[in-house]
Amino acid sequence: MKGKSVYVAGHRGMVGAALLRRLAREDVNLVTVDRREVDLCNQAAVFDWFAKVRPQVIFLAAAKVGGIVANDTLRAEFIYDNIAIAANVIQAAHLNGAEKLMFLGSSCIYPKLAPQPLREDSVLTGPLEPTNEPYAIAKIAGIKMAEAYRSQYGSDFISVMPTNLYGPGDNYHPELSHVVAALIRRFHEAKVAGAKSVIVWGTGTPRREFLYVDDMADACVHLMKTYSSAELVNIGTGEDITIAEFARVVAAIVGYGGEIGFDTSRPDGTPRKLLDVSRLAKLGWRATTSLEDGVRRAYAAYLSHT
Ligand SMILES: NC(=O)C1=CN([C@@H]2O[C@H](COP(=O)(O)OP(=O)(O)OC[C@H]3O[C@@H](n4cnc5c(N)ncnc54)[C@H](OP(=O)(O)O)[C@@H]3O)[C@@H](O)[C@H]2O)C=CC1
Ligand SMILES: C[C@H]1O[C@H](OP(=O)(O)OP(=O)(O)OC[C@H]2O[C@@H](n3cnc4c(=O)[nH]c(N)nc43)[C@H](O)[C@@H]2O)[C@@H](O)[C@@H](O)C1=O
């Protein structure tokens, strides 16, 4: 990467912004472009911009992203936008001689009932979780594109599968966000209002693995520098927690002392999503931010923007 032009697609998003923070410590020429100038769903705009700028290294961290309800209700947008973004950027990278591209997938590409922890080779071995099937199918298309361009053209395109992420720059929308941001906001608002109880969606029994976004960015930069192969690489902590336990962690950090109830009319989604991170460990990287520290930092970032 040294001295190269490095394009972060999605630089205003949670992961993209963390990548910019991390890449500021590298000797690279950072390139970004605003969505109002180049809509990555627009093939002509993407092709024109790439032909002009010709970035050498690309982190593809732009996507239509959201929590379980966003995925389940905006199903057409999740499949269309994510297929279009992956197709346009990967093809433009190829046409303009990019030296390396990293595609960001997601742990939701693995079958709903795949053995845990989820190994990279379990992709396409069974049915997907219905709430996020459109998003997962689009992400699988991106993975398969990276693989196909590597095998047909010899392109150095790699794919990483992050677990559930959180941190500064997260989306705090009450309905459309992921669970970490949703609970930080809900517990904070309950504390401020002196509310007696807070409702958490679902049964509280699903298990999730959470990775702090600056750890995610560090893992991406590490792999961009050191990894060149068709096989996927999971990025996570290797540890998970039930949603009920997680809600208690957030409540304690926010300082909310009331009751916690569960709304079982809300979807649980995948019963468990824990990544097997042994490949990543062999490649020389592991997460360093504990869940408590990460949630503390995320809460501080939330407070500084409210
Ligand atoms: N958050 C998570 O828990 C997880 C995320 N991932 C993956 O990580 C990557 C980053 O996610 P995250 O940072 O959380 O998501 P965000 O929603 O925070 O950021 C997404 C970024 O993509 C940009 N974007 C979306 N659509 C377009 C478009 N049509 N044209 C140009 N830019 C566009 C957005 O631009 P703008 O800000 O201008 O709207 C934004 O900067 C994604 O690939 C996601 O699938 C994977 C697993 C878990
Ligand atoms: C990252 C990943 O994110 C999505 O999948 P998900 O893991 O199900 O994500 P989630 O964070 O929205 O929920 C995690 C768990 O938490 C529970 N939960 C409780 N209370 C709230 C709550 O208030 N909000 C939300 N969103 N969830 C809640 C919720 O019921 C579920 O059991 C994918 O669609 C896909 O986009 C993807 O890749």
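All ligand and atom numbering here is 1-based and tracks the order in the structure. Please read all numbers here as calculations on a predicted model, not as lab measurements.
- Leu275 and Pro162 get closest at one heavy-atom pair: CD1-C, 4.1 Å.
- Between Tyr172 and Tyr302, the two ring planes are tilted [angle within 30° to 60°].
- Using a heavy-atom distance under 4.0 Å as the criterion, the protein contacts of ligand 1 are Gly10, Arg12, Gly13, Met14, Val15, Arg35, Val38, Asp39, Leu40, Cys41, Ala61, Ala62, Ala63, Val65, Ile85, Leu104, Gly105, Ser106, Tyr135, Lys139, Pro162, Thr163, Asn164, Leu165, His178.
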Name each N or O atom in ligand 2 that is under 3.5 Å from a protein N or O, and give the partner atom and the distance.
| residue | atom | partner | partner atom | Å |
| --- | --- | --- | --- | --- |
| ligand 2 | 3 (O) | His178 | NE2 | 3.3 |
| ligand 2 | 7 (O) | Asn164 | ND2 | 2.9 |
| ligand 2 | 7 (O) | Arg208 | NE | 2.7 |
| ligand 2 | 7 (O) | Lys273 | NZ | 2.9 |
| ligand 2 | 8 (O) | Arg208 | NH2 | 3.1 |
| ligand 2 | 11 (O) | Val179 | N | 2.8 |
| ligand 2 | 12 (O) | Ile68 | N | 2.7 |
| ligand 2 | 20 (N) | Trp201 | N | 3.0 |
| ligand 2 | 23 (O) | Arg186 | NH1 | 3.0 |
| ligand 2 | 23 (O) | Arg186 | NH2 | 2.6 |
| ligand 2 | 26 (N) | Ser177 | O | 2.8 |
| ligand 2 | 30 (O) | Pro267 | O | 2.6 |
| ligand 2 | 32 (O) | Asp268 | O | 2.6 |
| ligand 2 | 34 (O) | Asn71 | ND2 | 2.9 |
| ligand 2 | 34 (O) | Asn132 | ND2 | 3.3 |
| ligand 2 | 36 (O) | Gly66 | O | 3.1 |
| ligand 2 | 36 (O) | Asn71 | ND2 | 2.9 |
| ligand 2 | 38 (O) | Ser106 | OG | 2.7 |

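- Residues Asn234 and Tyr110 have side chains that bring a donor and an acceptor to within less than 3.5 angstrom of each other.
- For the side-chain hydrogen bond (donor to acceptor under 3.5 Å, both in side chains) with Tyr149, the qualifying choice from Gln91, His94, Lys144 is Gln91, the only one to do so.
- Within the 6.0 Å centre-distance limit, the rings of Tyr7 and Trp49 are counted as a close aromatic pair.
- Residues meeting the salt bridge (charged side-chain N to carboxylate O under 4.0 Å, His left out) test with Arg54, sequence neighbours left out: none.
- No hydrogens or angles considered: nothing links the side chains of Lys139 and Ser159 as a donor-acceptor pair under 3.5 Å.
- Nearest heavy-atom pair, Tyr166 versus Gly294, reported as atom, atom and distance to 0.1 Å: OH-CA, 3.2 Å.
- Residues meeting the salt bridge (charged side-chain N to carboxylate O under 4.0 Å, His left out) test with Arg22, sequence neighbours left out: Glu26, Asp218.
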